[in-house]
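Here the structure comes first, spelled out in C-alpha cells, and everything after it is commentary.
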Amino acid sequence: MKRRAFAAALLSLCQPTFAKKGSAARVHDALGRLYGRRTDIMLAAQAIALEQDLESGWVEAVLAQARFVAQVAQLIMPGATPAAKNWHAYRARFVEPRRIEAGVRWWRDNEPWLAQAEQQFGVPSEIVVGIVGVETYYGRITGGYRVIDALSTLSFDFPTGRTDRSPFFRSELGHFLKLARREGWDPLAIKGSYAGAMGLPQFMPSSVLRYAIDFDGDGRVDLAASSADVVGSVARFLAEHDWQRGMPTHYAIEPPAEILERARLLVPDIVPSFSAQQMVERGAKLSDAGLQHEGALALIELHNAELPPSYVAGTQNFYALTRYNASSYYALSVVELGRAVAAAR
C-alpha cells in the first residue's frame, strides 16, 4: 500500500510540459519527437517502476526512447464537426460483403478453437468472429503506431480541448511495460492502434494482463499471430464480464409511443434495468421471445441521422459486449456481422 501511495504521489508531479511550436518543432512532431530524459517523464518512470515492480533504470531507458507523435494526439480528439449518429451508416462499414467473406475464411480456419471456446466459456462462435471482424478486419488492420509512443503521447502530452484521460493512459503505459518485461518483448518494437490497443482483438495492455490466455498451450500468449489465443482471450473477456451462456443479446421492441414513458426507459442507457413486464407496463411492445425473458432489459436507442431511431431491447449479454467497447452501435454491429458470417457459411 505504501509503495502504491508513493507511486501515485510521484505520478501527480508528472504534469505535461508543452513546448512552443515553431517550424522546427513541427518537423520533429511529424517524425515523432524524442522525449528523452524530460523531467516529468523520468519522475513517471520512477513511479511506474514502483507500481509495477520493475527496475527503474530499465523503465527510464525505455521511456527516454519514446516519441511524441502529433497524429496520435490529433486522432484521440473528437471531430471538429461531429457527424450525426447514424446506425445504418455505422453498420454498413462492417456488415459488408468483403468483410463477411473474410469472416467466413477466418471461421473456417479456426473452427476447432471457436468450438472449444464456446464449450468452455459459453460464448457463441459468431460473437467472437463478429468482434475480431469489427476490431481488425480479421487481422488486416491492427495499427501501425509503436505502442510505447502512443501511450507516452497520451500520458504526457494529452491534448487540451476534451476530458483529460492522461491518468488512464499512464496506467496503461505501466501495464504495457510490465507486460513487455514479463513476455520478453522489445517494448520499442510492439505496434498497435493510436490508443495503444494491440493484436487481432485490440486489447489494451491491462486487458492483456487480465484476460489474455494461452489457448493453444504453446507456453506463451500471442494475440498478434496465434488465432487460438485470440479466440480464447476474447471469449474469456466476455465470460469475465458476465456473459450468460445461451442468452440472446437482444430482442425486437417497439418503444412506448408516449414520450415521457420512452424517456424513462432510456434513462439507464445500455444498463439492463427493467423486467419485460415493466417495459410492457410503460407502453413498450416486446417480441414474443422478449416477453419470455427472465432477466433485466435495457431499451437501446440507435439514431439514424434525420430518419427515426432504431430500437432493440438489450440483455445482459448486450451489455457484456459494451464492456469491450462502450457503444451500443459497436455491440449491435458485432452481433450483426457475426450473424451475417454464420449465414454465409
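Both Tyr324 and Phe121 sit in one connected hydrophobic cluster of ILVMFWY residues. Membership requires side-chain heavy atoms under 4.5 Å apart, directly or through other members. Transitive grouping of hydrophobic side chains (ILVMFWY, heavy atoms separated by less than 4.5 Å) keeps Ile300 and Phe274 in distinct clusters. Note on Phe158 and Phe168: same hydrophobic cluster, where clusters join Ile, Leu, Val, Met, Phe, Trp and Tyr whose side-chain heavy atoms are under 4.5 Å apart, directly or indirectly. In terms of hydrophobic clustering, with Ile, Leu, Val, Met, Phe, Trp and Tyr side chains grouped at heavy-atom distances under 4.5 Å, Trp185 and Leu200 are assigned to a common cluster. In the hydrophobic cluster analysis, where Ile, Leu, Val, Met, Phe, Trp and Tyr join through side-chain heavy atoms closer than 4.5 angstrom, Leu209 is grouped together with Leu238.
Scanning both residues, Val147 and Gly196, for their nearest heavy atoms gives CG1-O, 4.0 Å. When all heavy atoms are compared, the tightest approach of Ala195 to Met204 is O-CE, 3.1 Å. Taking all atoms of both residues into account, the shortest heavy-atom contact from Asn86 to Ala89 is OD1-N, 3.1 Å. Heavy-atom minimum distance, Arg236 versus Ala212: NH1-O, 3.8 Å. Minimum heavy-atom separation, Gln65 to Arg146: O-NH2, 3.0 Å. Contact record, Val231 with Ala117: CG1-CB, 3.6 Å, taken as the closest heavy-atom pair.
In this structure, Arg91 forms no cation-pi arrangement with Phe94, as its terminal cationic atom is not both closer than 6.0 Å to the ring centre and no more than 45° off the ring axis. A cation-pi arrangement, defined by a distance under 6.0 Å to the six-membered ring centre and an angle within 45 degrees of its axis, is present between Arg93 and Tyr90.
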Original post:
Hey, mind stepping through His241 and Tyr211 against ring-ring contact (aromatic ring centres under 6.0 Å, His included) and telling me if it holds?
Top reply: CA-CA 10 Å; His241 285 84; Tyr211 308 114; 5.2 Å; yes

**OP:** Kindly indicate, with the supporting measurements, whether the criterion salt bridge (Lys or Arg N to Asp or Glu O under 4.0 Å) is fulfilled by Arg37 and Glu60.
**Re:** CA-CA 8 Å; Arg37 301 188 69 84; Glu60 290 175 7; 3.0 Å; yes

Subject >> Test log, rule side-chain contact (heavy atoms from CB on, under 4.5 Å), inputs Tyr251 and Val312 >> reply: CA-CA 6 Å; Tyr251 302 101; Val312 297; over 6 Å; no

**OP:** Would you check, one step at a time, whether the test side-chain contact (heavy atoms from CB on, under 4.5 Å) holds for Gln74 with Tyr194?
**Re:** CA-CA 10 Å; Gln74 293 165 359; Tyr194 68 85; over 6 Å; no

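Considering only heavy atoms from C-beta on, Gln292 stays 4.5 Å or farther from Asp288 through its side chain. With a 4.5 Å cut-off on side-chain heavy atoms, Arg105 and Glu101 count as touching. Put simply, the side chain of Pro272 does not reach to within 4.5 Å of the side chain of Thr315, judged on heavy atoms. Here the side chains of Arg99 and Tyr137 are in contact, with some heavy-atom distance below 4.5 Å. Using a 4.5 Å heavy-atom threshold, the side chains of Phe318 and Leu332 count as touching. Under the 4.5 Å side-chain criterion, counting only non-hydrogen atoms from C-beta, Leu177 is in contact with Ile148. In this structure the side chain of Ile76 reaches within 4.5 angstrom of the side chain of Arg162, judged on heavy atoms.
Here the side chain of Thr322 pairs no donor or acceptor atom with the backbone of Asn325 at under 3.5 angstrom. Looking only at distances, a side-chain donor or acceptor of Trp243 sits under 3.5 Å from a matching main-chain atom of Gly122. Formation of a donor-acceptor pair under 3.5 Å by the Asp214 side chain with backbone atoms of Gly219 is found in this model. Listed for the Ser207 side chain is no donor-acceptor partner under 3.5 Å among the backbone atoms of Phe203. In this structure, the side chain of Arg282 does not engage the main chain of Leu260 through any donor-acceptor pair within 3.5 Å. For Arg170 (side chain) and Ser155 (main-chain N/O), a donor-acceptor pair under 3.5 Å exists by modelled atom type. For Asp229 (side chain) and Phe215 (main-chain N/O), a donor-acceptor pair under 3.5 Å exists by modelled atom type. A donor-acceptor contact shorter than 3.5 Å is absent between the side chain of Glu261 and the backbone of Pro256. No donor-acceptor distance shorter than 3.5 angstrom exists from the side chain of Glu306 to the backbone of Asn304, with no hydrogens or angles considered. Glu336 contributes no side-chain N or O that, together with a main-chain N or O of Ser333, makes up a donor-acceptor pair within less than 3.5 Å.
With a 6.0 Å radius and a threshold of 12 heavy atoms from other residues, nucleotides or ligands, Arg98 has its CZ atom at or below the threshold. Annotation for Asp186: atom CG counts as buried by contact number, over 12 foreign heavy atoms lying within 6.0 Å. More than 12 heavy atoms of other residues, nucleotides or ligands shown are found within 6.0 angstrom of CD on Glu55. Annotation: Ile259, atom CD1; neighbour count of heavy atoms from other residues, nucleotides and ligands within 6.0 Å does not exceed 12.
The OG atom of Ser166 sits 11.5 Å away from atom CG of Leu173, with the distance rounded to the nearest 0.5 Å. To the nearest 0.5 Å, atom CD of residue Gln316 and atom CG of residue Leu321 are 10.0 Å apart. Put simply, OH on Tyr319 and CG on Asp269 are 9.5 Å apart, with the number rounded to the nearest 0.5 Å. The line from CG of Leu75 to OG1 of Thr153 is 11.0 Å long, rounded to the nearest 0.5 Å. With rounding to the nearest 0.5 angstrom, the NE2 atom of His175 is 11.0 Å from the CG atom of Leu151.
Checking Glu135 against Tyr330 by side-chain atom types alone, a donor-acceptor pair falls below 3.5 Å. A donor-acceptor pair shorter than 3.5 Å cannot be found between the side chains of Asn317 and Thr249. In this model, no donor atom of one side chain and acceptor atom of the other lie less than 3.5 Å apart for Gln46 and Ser56. Side-chain polar atoms of Asp218 and Ser226 form no donor-acceptor pair below 3.5 angstrom. Side-chain contact, Asp157 with Tyr35: a donor N or O sits under 3.5 Å from an acceptor N or O.
Tested against Ile253 for a side chain to side chain contact (heavy atoms under 4.5 Å, CB included), the candidates Leu297, Leu265, Leu286 yield a single pass: Leu286. Between Met198 and the choices Leu223, Thr142, Ile190, the side chain to side chain contact (heavy atoms under 4.5 Å, CB included) rule is met once, by Ile190.
Under 4.0 Å is where a charged nitrogen must lie from a carboxylate oxygen, and between Glu111 and Arg345 at least one such pair does. The pair Arg262-Glu258 does not count as a salt bridge, with every side-chain nitrogen at least 4.0 angstrom from each carboxylate oxygen.
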